[in-house]
Amino acid sequence: MKASVRLSLDIITWLLMKRKLIVLLLVLEVSICLGLYAGLRTHQLRSKSKVDTYNALHGEKSYFVLREYMNDIDYQLYLKDDGSRYFSLLELVNQLFLSDDFDFVVMRDQHLELTNKVDDRFLLDYESGNGNKDGFSCEGVQYYPLKCLQVSEEFFGEFIVSVESGRAFSSDDYIAPTQRPATIPILLGNGYKDFLPIGSRQSGFYMDQYFSFEVVGLLSKESFFFSREANKLVPCENYIIMPAMIPNLTSTTHFDRARILQLAEGLIVTKMPFKQAENALSETKRATNTTHLNIGIADPNPSTDEHNTTIFDTYSSMNDSILIGIALSLANLIWVSVFTISITIRRIINEKRHEIGLLQMLGTPTYAIFAGICITLGAVFIAGWGIAALVNGVSNISLLVEMAAVSTLMLLLSLVAVFAEIMNIDIALAVKGKE
Amino acid sequence: MISLQNVSKVYSKAGKEFAAIRNINLDISKGDFVTIFGKSGCGKSTLLNIIGTLTSPTQGGYLFNGKDLTHLSRNEQALFRNQHVGFVLQNSALIPDITAFHNIIIPLKLTMPRNPQRRHVAEEVMEWLQIYEKRNNYPNELSGGEQQRVAIARAIVTNPSVILADEPTGALDVATGFQVFELLQKLNEKGTTVILVTHDMEMASQGKSRYAMRDGEIVSADIS
């Protein structure tokens with residue numbers, strides 16, 4: 001048995017050596033297939049590790065939206081009183097940050113009107129088709145409203161947001177500038193990568209006030225935030241991020257009053273159910289004497305008090321859908337590779353039907369010929385596996401084992417067709433093939 | 001030694017059945033030199049393939065040295081061929097990618113584990129057939145006669161009890177064909193049973209036992 005397997009292995013190796021290019025192409029195909037597998041799995045493992053890290057850090061939290069519901073009269077009173085409402089609100093914001101019951105993240109959609117729109121996808125309301133592509137003109141200069149998030153420092157710890165190049169905001173960036181014309185630092189979503197360089201300055205309006213904006217950094221492609229409108233994770237890709245700046249306490253201008261009102265908009269992050277979170281906020285408002293200010297938690301689902309939308313669920317479901325996509329793509333890739341490898345090997349067998357028939361005529365058992373092809377094809381898969389692992393720099397043992405398992409599966413599937421082809425050889429006809 | 005009892009072989013093609021051989025009864029003794037004569041398509045090669053277990057009969061029985069070979073598995077048939085049968089075909093049927101020497105030792109690799117032993121046996125046979133000098137040549141570097149000698153060397157290297165020769169001189173000129181035929185006769189003189197299929201009447205007439213076939217049946221037998 002050993003001798004017959006060795007014989008067919010010798011002969012099949014000889015036959016394949018005459019087809020070095022085809023063998024090389026087979027190795028290449030296997031290595032591309034396994035390389036893509038390794039790349040996708042590495043990406044997936046990295047994402048999973050991010051989810052795990054996120055979960056370990058934050059657990060299964062709920063995100064409740066905090067917003068102001070002032071009517072026009074209350075708003076005018078707030079803007080024009082002696083400043084008492086303004087200072088109360090400042091105190092409330094401070095207490096929200098200090099609360100033991102929940103975390104508070106300022107996150108407010110606040111568009112910027114800049115002189116450079118760069119690309120339509122960065123326009124405010126672009127996704128709904130209402131983006132103002134023409135912008136507006138002011139003193140002969142064209143301005144365009146662009147999507148921007150105004151965030152507190154906690155935003156970066158709470159969400160999956162990281163700076164790819166440049167720098168993150170420093171503590172000083174969260175303090176409102178006192179002198180004019182002032183420069184506000186901004187971070188750009190990864191979509192801006194090829195358009196605005198780090199260090200460049202843009203000029204335009206923020207809440208009707210003219211500012212200069214300095215690009216200090218670029219966010220990574222994998223940066224997401226939780227959108228209260230969409231109720232899902234949204235990529236930072238097309239957003240500008242600016243710091244939610246604490247105003248100078250001695251200033252009570254309309255601009256500062258309007259702006260500090262924006263600081264009261266964001267997310268209450270807690271493991272408590274909605275009712276409990278609402279009670280905790282009421283306590284804080286009572287303690288800061290701001291019950292008269294119409295600021296509260298938006299009911300995430302008016303039909304039930306117990307509704308919890310966790311960012312983790314959202315992230316997980318997003319990750320799951322990506323996983324399904326990856327799995328489907330991989331299954332297709334493996335199927336196509338197995339199909340083409342089987343076709344190629346069957347073609348070689350057909351071309352060499354005469355020689356294989358001769359081996360059988362001389363007494364080589366069918367199983368030995370099949371074993372010879374298995375070993376030869378196995379060597380092709382091992383070479384493909386090795387190249388894929390080397391090119392992708394895979395050092396993770398479990399991923400290497402996984403790749404080997406995928407490679408074995410592909411080999412076995414390919415061999416089914418090969419086996420059928422060998423069993424189909426009519427020896428008498430095959431040996432007469434070249435008469 | 002060989003006994004075929006009522007053997008038929010029927011092929012199916014496009015739903016139609018075609019009988020290549022019908023109700024063949026044939027007994028061949030050890031050491032015989034059998035020639036089977038007939039025109040192309042009369043079924044003589046099919047008969048040889050059944051004797052060599054390259055094809056199984058559709059019906060009938062096949063005994064070799066008293067052992068029933070009718071229902072052997074593919075692997076058992078392979079083992080039988082390796083141990084008992086040597087084939088010489090019209091086309092020399094050599095593997096073109098390997099040398100004459102490597103072609104000859106293929107059947108030995110299945111039975112002789114040691115390389116020096118194989119080499120010794122193969123070289124002895126090559127010397128007898130006067131092709132030793134050509135041992136490192138590839139088949140396409142050999143003449144037709146030399147290729148056929150290599151094929152004969154491969155057929156006899158395991159010392160089989162039967163040589164099945166299917167038109168072994170069909171692709172050769174008369175002189176070379178005669179030399180090949182003489183080699184088969186010498187093998188027969190050494191005790192090997194030879195069964196030769198041919199459409200050459202003169203060659204067929206030199207067999208010890210002579211059969212003629214037509215339309216899948218043996219129509220005459222002249223047994224010595």
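Note that the structure is a prediction, hence the values are computed from the model and not measured. A, B, ... follow the sequence lines: proteins, then strands. Residue 1 opens every chain.
- Looking at L94(B), only its backbone comes within 4.5 Å of chain A, counting heavy atoms on both sides.
- A donor-acceptor pair under 3.5 Å links the side-chain atoms of T70(B) to the main chain of Y62(B), judged by distance alone.
- Other residues, nucleotides and ligands place more than 12 heavy atoms under 6.0 Å from the CZ atom of R121(A).
- Side-chain contact between T344(A) and I22(A): present, with at least one pair of heavy atoms (C-beta onward) separated by less than 4.5 Å.
- Under 4.0 Å is where a charged nitrogen must lie from a carboxylate oxygen, and between K432(A) and D166(B) at least one such pair does.
- Both the sub-6.0 Å distance and the 45° axial angle are not jointly satisfied by K16(B) relative to the ring of F18(B).
- Residues of residues 403-420 of chain A having a heavy atom under 4.5 Å from any heavy atom of chain B: none.
- Residues K352(A) and E355(A) are paired through a salt bridge, judged by an N-O separation under 4.0 Å between the basic side chain and the carboxylate.
- Taking a cutoff of 4.0 Å between a charged side-chain nitrogen and a carboxylate oxygen, E421(A) and R353(A) qualify as a salt bridge.
- Contact of L89(B) with chain A is made through the side chain alone, with heavy-atom distances under 4.5 Å.
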